[in-house]
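Everything below concerns the one structure shown next.
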Number of protein chains: 2
Amino acid sequence: MATLKDVARLAGVSVKTVSNVVNGYSFVKPDNRRRVEEALEATGYRPNLGARNLRRGRTGFIALVLPELSIPYFAELAGLVITAAQEHEWNVLIEQTFGTLAGERAALASLGPHLVDAAILSPEALLVDDFQLSVPAVLLGEHAVDVPISRVGIDNVAAARTAVRHLISLGRTRIAAIGAHPHRGTAALRLEGYRTALAEASLPFSGDLVVPALNYHRADGAAAMRSLLDMPTPPDAVFCFNDLLAIGAMRTAAERSLRVPGDLAVVGFDNNEESVYSSPSLTSVAPDKGAIARAAVDLLHRRVESPDDALEDVETPFSLLVRESTVAG
Amino acid sequence: MATLKDVARLAGVSVKTVSNVVNGYSFVKPDNRRRVEEALEATGYRPNLGARNLRRGRTGFIALVLPELSIPYFAELAGLVITAAQEHEWNVLIEQTFGTLAGERAALASLGPHLVDAAILSPEALLVDDFQLSVPAVLLGEHAVDVPISRVGIDNVAAARTAVRHLISLGRTRIAAIGAHPHRGTAALRLEGYRTALAEASLPFSGDLVVPALNYHRADGAAAMRSLLDMPTPPDAVFCFNDLLAIGAMRTAAERSLRVPGDLAVVGFDNNEESVYSSPSLTSVAPDKGAIARAAVDLLHRRVESPDDALEDVETPFSLLVRESTVAG
DNA sequence: CATCGTTGTTCCAACGATGTAAAGCCCCAA
DNA sequence: TTGGGGCTTTACATCGTTGGAACAACGATG
């Protein structure tokens with residue numbers, strides 16, 4: 001592997017001059033610049049990023065801390081973050097927490113200025129209560145507790161309200177919610193949006209129709225739906241706090257031979273690609289994941305460039321995509 | 001951020017002694033060791049990996065080059081690779097190629113000894129024909145062309161044969177295949193397995209029943225299925241070269257009001273989590289993804305430790321998981 | 001012709017860690 | 001007392017890069 005020294009020797013100039021050419025410094029004699037460029041070409045020089053970053057005090061990496069890549073929402077998001085990070089010449093380091101506090105603590109502990117320049121966090125457990133991070137960070141989702149840290153996300157209350165209003169507009173009156181969670185900030189806000197929409201339509205709120213989910217996997221949605229269908233008067237619609245729960249719920253409905261949307265209308269949240277091809281396809285709240293990824297990365301970039309910028313709270317757009325699970329195709 | 005120098009000053013020893021303690025060098029006086037450990041604790045020292053790796057000539061990273069994280073198979077695999085890599089104190093750098101030759105070239109170009117110690121490649125386009133990599137690498141899947149490089153994967157011919165034999169055992173006689181591809185090594189092998197199974201059962205092979213797919217997304221499966229169902233005599237079963245194609249195919253079947261498996265049996269490949277909860281759930285060839293991830297990482301680790309080991313070709317196990325898309329629940 | 005500012009180049013130190021060589025210590029045998 | 005050898009520590013160079021100061025060359029200016 002060629003180093004600056006090799007290139008310099010070949011071009012007959014000093015190492016620093018080569019460095020200047022590589023970094024686009026203006027004042028280099030055309031003649032020398034040409035010779036250096038030829039030498040760069042000839043040796044196939046690639047800067048040693050480790051050395052460069054050591055010198056510059058940067059690492060060239062950002063961390064993306066998320067529960068699990070096997071969850072489609074996070075996989076899609078991770079792909080978009082990687083793409084967004086490339087714009088700023090950042091590489092992305094993915095850490096999985098598996099949704100546990102221990103996992104989140106471990107991920108945070110392994111981070112540090114020596115490893116990454118900044119971090120994007122998608123906490124699920126308590127994480128933020130003992131929050132102590134040595135690099136600029138941004139939270140995706142919601143604040144679990146009141147900690148000074150930037151945030152990027154959608155208006156969860158408004159999104160949930162939109163979803164439930166859609167169900168109400170279809171004439172549904174017994175609308176259940178799946179996904180309540182003791183610690184998740186987003187869960188509380190989505191529940192709030194659900195209650196607001198019910199209240200606006202003068203529909204009664206019943207705690208029986210709110211089913212918790214400790215994890216947001218398909219199996220949890222299926223189990224929650226079973227408990228709802230075992231009720232004396234089952235719901236005629238269900239709002240799930242993410243698409244996986246909704247897929248699980250639809251699976252249970254199918255097993256019980258319920259027609260969706262005839263007997264039961266279902267709305268999800270996240271708009272996974274999977275939901276477009278399920279049978280029936282799933283109506284879902286669609287956050288603009290690309291916007292979230294870009295906003296988070298851009299925000300971090302600003303913060304790294306000027307560390308004492310004010311904290312930010314970026315709200316990204318969302319939309320409701322109506323599909324067969326609420327309106328028969 | 002504390003450096004070795006800070007710790008050394010605090011403990012009243014030389015930098016090297018601290019380095020020795022940190023790296024578990026045996027000959028340090030108990031007294032000094034204790035003082036150094038206290039100082040390490042007090043300063044919260046964490047080694048600067050960039051500097052360490054610069055000195056050691058390692059980067060501490062491996063690359064995982066794959067088409068797209070939004071494809072569930074690769075997302076699941078990536079998660080497992082990250083976990084496996086941690087065992088060897090490696091961090092994983094994910095590069096997306098989007099299945100294009102240009103993307104694969106770009107990913108390869110950005111790699112190099114200065115960035116990663118090794119690379120795991122999941123090529124889709126031609127990639128390997130102009131293959132020139134400066135670090136140890138392993139291919140997941142199949143050799144597109146004959147290039148000296150290690151490989152990890154399942155026996156695709158046997159896997160496809162198993163899948164098609166299952167369909168035959170159910171009494172299906174017009175069995176289609178979706179996913180033929182001009183450049184993909186796995187596609188050719190799966191097609192071979194398909195033909196072998198047909199031949200073994202003395203079923204005729206018909207080119208009409210083999211549908212190509214340029215991408216392996218849900219939409220491609222849906223389109224392929226439409227073309228099959230538009231035939232004068234449509235198939236009574238279809239073997240899809242991955243689960244996404246199968247999900248798309250089942251979607252089309254549903255749109256045409258075909259019963260699965262009654263009118264059409266469907267088998268996929270990859271065993272995505274998604275396929276367990278689809279309606280009907282999908283029978284699928286299940287490669288042991290954990291085994292693939294571990295084998296790939298372990299192989300690279302051996303190769304990095306002793307660079308002139310022989311190339312390896314590791315075969316990992318697979319199984320066929322029979323679900324509702326072939327045998328009604 | 002001395003001076004000056006601009007442009008271009010080089011030398012040196014430094015980022016934080018580790019390998020090497022050498023020096024210091026201590027104990028024991030000659 | 002000397003010397004040898006095992007343990008323990010240190011000074012120094014080094015990995016590849018960049019920032020800063022110093023220096024050199026140059027035409028323009030007074």
Side-chain angles (χ1 to χ4, degrees), chain A residues 1-37 39-40 43-61 89 91 112-117 134-135 304-305, chain B residues 1-37 39-40 43-61 89 91 111-117 134-135 304:
Chain A
M1 202 66 191
T3 72
L4 282 185
K5 212 156 106 180
D6 302 324
V7 178
R9 186 164 33 229
L10 186 60
V13 295
S14 80
V15 171
K16 189 65 206 292
T17 297
V18 180
S19 169
N20 285 338
V21 171
V22 169
N23 292 301
Y25 182 68
S26 309
F27 303 120
V28 178
K29 264 207 211 132
D31 185 46
N32 276 344
R33 179 180 296 276
R34 193 184 41 72
R35 289 225 311 289
V36 169
E37 272 161 358
L40 285 171
T43 54
Y45 170 80
R46 312 282 332 245
N48 179 320
L49 299 185
R52 166 180 290 179
N53 292 327
L54 171 59
R55 184 61 244 237
R56 294 216 242 226
R58 296 270 179 89
T59 71
F61 286 89
E89 305 201 302
N91 282 118
H114 58 283
L115 193 55
V116 296
D117 298 331
S134 39
V135 295
V304 167
E305 293 292 315
Chain B
M1 202 66 190
T3 72
L4 280 187
K5 213 156 102 181
D6 303 324
V7 178
R9 187 164 31 227
L10 186 60
V13 295
S14 79
V15 172
K16 190 64 211 293
T17 297
V18 180
S19 169
N20 284 340
V21 171
V22 170
N23 292 301
Y25 182 68
S26 309
F27 304 120
V28 178
K29 268 211 206 122
D31 185 45
N32 276 344
R33 180 182 295 275
R34 194 183 41 72
R35 290 226 310 289
V36 169
E37 274 162 358
L40 286 171
T43 53
Y45 171 80
R46 312 281 331 245
N48 180 318
L49 298 185
R52 166 180 290 176
N53 292 326
L54 170 59
R55 187 59 244 241
R56 296 212 236 217
R58 295 270 180 88
T59 72
F61 287 88
E89 306 201 300
N91 283 118
L111 263 39
H114 58 285
L115 194 54
V116 295
D117 298 330
S134 39
V135 294
V304 167

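Below, chains carry the letters A, B, ... as their sequence lines are ordered, and counting in each starts from 1.
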For this session: Confirm from the modelled atom types if Lys16(B) and dG19(C) form a donor-acceptor pair under 3.5 Å, side chain to base only.
Result: yes

For this session: Assign Thr3(B) to base, sugar-phosphate, or nothing according to its heavy-atom contacts below 4.0 angstrom with the strands shown.
Result: sugar-phosphate

Exercise. So what does Val15(B) hit on the nucleic acid, given a heavy-atom distance under 4.0 Å: a base, only sugar-phosphate, or nothing?
Worked result: base

Exercise. Should we count CD of Glu305(A) as having more than 12 external heavy atoms under 6.0 Å?
Worked result: yes

Using whole Å, report how far [atom1] of [X] lies from [atom2] of [N].
X	N	atom1	atom2	value
Leu4(A)	dC15(C)	CG	C1'	15 Å
Arg9(B)	dA17(C)	CZ	P	13 Å
Lys5(A)	dT17(D)	NZ	P	11 Å
Arg46(B)	dA17(C)	CZ	P	12 Å

For this session: For dT10(C), take OP1 and OP2 only and decide whether either is under 4.0 Å from a side-chain N or O of Thr17(A).
Result: yes

Problem set entry | Sequence neighbours excluded, every pair satisfying side-chain hydrogen bond (donor to acceptor under 3.5 Å, both in side chains) that has a member inside residues 10-27 of chain B | Ser14(B)-Thr17(B), Ser19(B)-Asn23(B)

Find out whether [X] and [Y] are in side-chain contact, i.e. whether some heavy atom of one side chain is under 4.5 Å from a heavy atom of the other.
X	Y	answer
Leu115(B)	Phe61(B)	no
Val36(B)	Val13(B)	yes
Leu111(B)	Val135(B)	no
Asn48(B)	Thr3(B)	no

For this session: Identify, with sequence neighbours excluded, every residue that meets salt bridge (charged side-chain N to carboxylate O under 4.0 Å, His left out) alongside Arg35(B).
Result: Asp31(B)

Exercise. Can you list the residues that meet the salt bridge (charged side-chain N to carboxylate O under 4.0 Å, His left out) rule with Arg9(A), with sequence neighbours excluded?
Worked result: Asp6(A)

For this session: Identify which one of Val21(A), Val22(A), Val18(A), Val28(A) satisfies the side-chain contact (heavy atoms from CB on, under 4.5 Å) criterion when paired with Glu37(A).
Result: Val21(A)

Problem set entry | Point-to-point distance, once rounded to the nearest 0.5 Å, from CZ of Arg55(B) to CG of Leu54(A) | 12.5 Å

Exercise. CG of Asp117(B) to CG of Asn53(B): how many Å apart, nearest 0.5 Å?
Worked result: 7.0 Å

Seminar exercise, completed: In numerical order, the residues of residues 47-56 of chain B whose heavy atoms come under 4.0 Å of DNA chain D are Leu54(B), Arg55(B)

Problem set entry | DNA chain C contacts among residues 19-29 of chain B, heavy-atom distance under 4.0 Å | Ser19(B), Asn23(B)

Seminar exercise, completed: All stems that DNA chain D takes part in, i.e. 3 or more consecutive Watson-Crick or G-U pairs with distances under 3.5 Å, are C:1-30 with D:1-30

